[in-house]
Colleague: 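Submitted below is the structure of interest, expressed as structure tokens.
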Amino acid sequence: VGKSSLVHLLCQNQVLGNPSWTVGCSVDVRIHDYKEGTPEEKTYYIELWDVGGSVGSASSVKSTRAVFYNSVNGIILVHDLTNKKSSQNLYRWSLEALNRDVAPTGVLVTNGDYDREQFADNQIPLLVIGTKLDQIPETKRNEVLTRTAFLAEDFNAEEINLDCTNPRYLAAGSSNAVKLSRFFDKVIEKRYLSRDGNQIPGFPDRKRFGGGTLKSLHYD
């Protein structure tokens, strides 16, 4: 779906020339200014864990991927806008990443419906990113984006749609850049702030961001 290209764009602000399949997990680092432009502004290093998602859902494979899901502070669900099945698979990926599919009743999709109640108590920030926007014909673009908007609503997450071969989609000041910054702010708060908004004592300047997804990159 272009996870590796997306991570490279997010961290290096450059297009990845020759992307390859991700085996296991790859890690890159993004420098993020928390609450940029405010008195609380502070720079953090955010690790983006790109988890390979093409190896199926066998129990042994899922157990291997589960190693990367510990201490997740945020999840970016990535899907291919040109592939409807890719979008639908986000429900399964979200369950796996959040360890919600361990019980026999842990089914998100039944007859095409999404049970939002299963994530009603989710405290982990989510962001949905659709890739390959440039490959959608103009005549079908409105239809596709309307469908994916409902997808993001199901996850109670903001949505970004882009072309990973064009950095302008994340240009400073753009709506996509604002959404991305807002998401990373939430990730940092998840890691370093208690629920009442107080800072956790002794926190470092570095946080781990993992999980599906970018480890936090999950999708298919």
Side-chain angles (χ1 to χ4, degrees), residues 3 6-11 25-51 53 62 65-79 90-102 106 108 114-130 151-160 162 170 175-219:
K3 298 187 306 296
L6 175 61
V7 172
H8 191 79
L9 183 61
L10 293 177
C11 296
C25 176
S26 63
V27 182
D28 208 336
V29 177
R30 174 186 173 90
I31 298 177
H32 175 68
D33 292 324
Y34 173 69
K35 289 193 174 183
E36 186 176 9
T38 72
E40 293 84 11
E41 180 175 341
K42 188 170 186 178
T43 299
Y44 287 84
Y45 293 96
I46 297 182
E47 293 179 1
L48 303 183
W49 294 47
D50 176 6
V51 179
K62 290 168 66 176
R65 286 198 297 260
V67 173
F68 303 119
Y69 301 152
N70 295 326
S71 303
V72 169
N73 297 303
I75 296 176
I76 297 179
L77 296 162
V78 185
H79 64 110
L90 291 187
Y91 297 118
R92 174 172 59 83
W93 280 114
S94 61
L95 284 178
E96 180 182 317
L98 293 171
N99 197 30
R100 299 300 179 86
D101 62 345
V102 293
L108 263 181
Y114 175 71
D115 183 4
R116 300 183 187 182
E117 294 301 319
Q118 294 210 32
F119 281 169
D121 61 344
N122 174 48
Q123 299 298 317
I124 298 178
L126 299 175
L127 178 66
V128 176
I129 295 184
L151 179 74
E153 183 178 340
D154 282 343
F155 288 110
N156 191 28
E158 289 197 288
E159 176 189 38
I160 293 176
L162 47 68
L170 294 176
S175 61
N176 285 343
V178 171
K179 291 178 182 178
L180 192 65
S181 180
R182 193 154 51 212
F183 169 72
F184 284 133
D185 279 358
K186 292 178 181 178
V187 169
I188 290 169
E189 290 169 353
K190 168 67 171 61
R191 171 63 179 84
Y192 290 126
L193 299 180
S194 62
R195 290 189 177 182
D196 59 5
N198 293 322
Q199 182 175 298
I200 298 175
F203 70 94
D205 282 346
R206 203 175 155 163
K207 65 158 267 8
R208 174 179 173 188
F209 169 68
T213 71
L214 255 188
K215 210 171 153 192
S216 247
L217 263 181
H218 257 330
Y219 29 59

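Note: hydrogens, waters and symmetry copies are ignored here, and every other heavy atom, side chains too, is used.
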Colleague: Working to the nearest 0.5 angstrom, can you tell me the gap between Glu47 CD and Asp28 CG?
Modeller: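 If we round to the nearest 0.5 Å, Glu47:CD and Asp28:CG are 10.0 Å apart.
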Colleague: What distance do Phe155 atom CZ and Asn122 atom CG have between them, rounded to the nearest 0.5 Å?
Modeller: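 Output value for this atom pair is 10.5 Å.
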Colleague: Got Asn73 and Ile46 here, is their nearest side-chain heavy-atom distance under 4.5 Å?
Modeller: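 Side chain of Asn73 against side chain of Ile46, heavy atoms only: no contact under 4.5 Å found.
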Colleague: With a 4.5 Å limit on heavy-atom distance, are the side chains of Leu6 and Leu162 in contact?
Modeller: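 Leu6 reaches Leu162 side chain to side chain.
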Colleague: Could you check whether the rings of Tyr44 and Tyr34 sit parallel, tilted or perpendicular, using 30° and 60° as the cut-offs?
Modeller: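 Because their plane-to-plane angle is over 60°, the rings of Tyr44 and Tyr34 count as perpendicular.
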Colleague: Once you round to the nearest 0.5 Å, how far does CZ of Arg65 lie from SG of Cys25?
Modeller: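 The CZ atom of Arg65 sits 11.5 Å away from the SG atom of Cys25.
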Colleague: Distance-only, no hydrogens or angles: does the Ser94 side chain make a donor-acceptor pair with backbone N or O of Leu90 under 3.5 Å?
Modeller: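 Yes, the answer is positive, given that a donor and an acceptor are paired below the 3.5 Å cut-off.
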Colleague: Rounded to the nearest 0.5 Å, what separation is found between the CG atom of Leu98 and the CH2 atom of Trp93?
Modeller: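 Interatomic distance, Leu98 CG to Trp93 CH2, rounded to 0.5 Å: 13.0 Å.
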Colleague: Could I get the full list of side chain to side chain contact (heavy atoms under 4.5 Å, CB included) partners for Asn156, not counting sequence neighbours?
Modeller: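 Testing Asn156 for side chain to side chain contact (heavy atoms under 4.5 Å, CB included), a comparison that skips the adjacent residues, returns none.
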Colleague: Per the salt bridge (charged side-chain N to carboxylate O under 4.0 Å, His left out) rule, what does the pair list look like for residues 29-40, sequence neighbours excluded?
Modeller: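 Counting only pairs at least two positions apart or across chains, no salt bridge (charged side-chain N to carboxylate O under 4.0 Å, His left out) contact touches residues 29-40.
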Colleague: For Gly74 versus Val187, what's the shortest heavy-atom pair and its separation?
Modeller: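 Shortest heavy-atom contact: CA-CG2, 3.9 Å.
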Colleague: If the condition is side-chain hydrogen bond (donor to acceptor under 3.5 Å, both in side chains), which residues does His32 pass it with, not counting sequence neighbours?
Modeller: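 With sequence neighbours excluded, His32 shows a side-chain hydrogen bond (donor to acceptor under 3.5 Å, both in side chains) to Asp185, given in chain and number order.
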Colleague: Taking only residues two or more places apart in sequence, or in another chain, which ones meet Leu9 in a side chain to side chain contact (heavy atoms under 4.5 Å, CB included)?
Modeller: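 Only Pro167, Leu170 meet the side chain to side chain contact (heavy atoms under 4.5 Å, CB included) criterion with Leu9.
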Colleague: Can you tell if the side chain of Ile160 reaches within under 4.5 Å of the side chain of Leu127, non-hydrogen atoms only?
Modeller: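 SC-SC contact between Ile160 and Leu127 confirmed.
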Colleague: Please identify each residue that fulfils side chain to side chain contact (heavy atoms under 4.5 Å, CB included) with Val178, with sequence neighbours left out.
Modeller: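 Expected list: Arg182.
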Colleague: Are any non-hydrogen side-chain atoms of Tyr91 and Leu151 less than 4.5 angstrom apart?
Modeller: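 Yes - at least one pair of side-chain heavy atoms lies under 4.5 Å apart.
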Colleague: Counting N and O atoms only, with roles assigned by atom type, does the side chain of Lys179 sit under 3.5 Å from a partner on the main chain of Glu159, one being a donor and the other an acceptor?
Modeller: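 Between the backbone of Glu159 and the side chain of Lys179 there is a qualifying donor-acceptor contact (under 3.5 Å).
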Colleague: In Å, rounded to the nearest 0.5 Å, how long is the span from NZ of Lys186 to CG of Leu126?
Modeller: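 Separation between the atoms: 9.5 Å.
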Colleague: At what distance, to the nearest 0.5 angstrom, does SG of Cys11 lie from OH of Tyr45?
Modeller: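 Result: 13.0 Å between the selected atoms.
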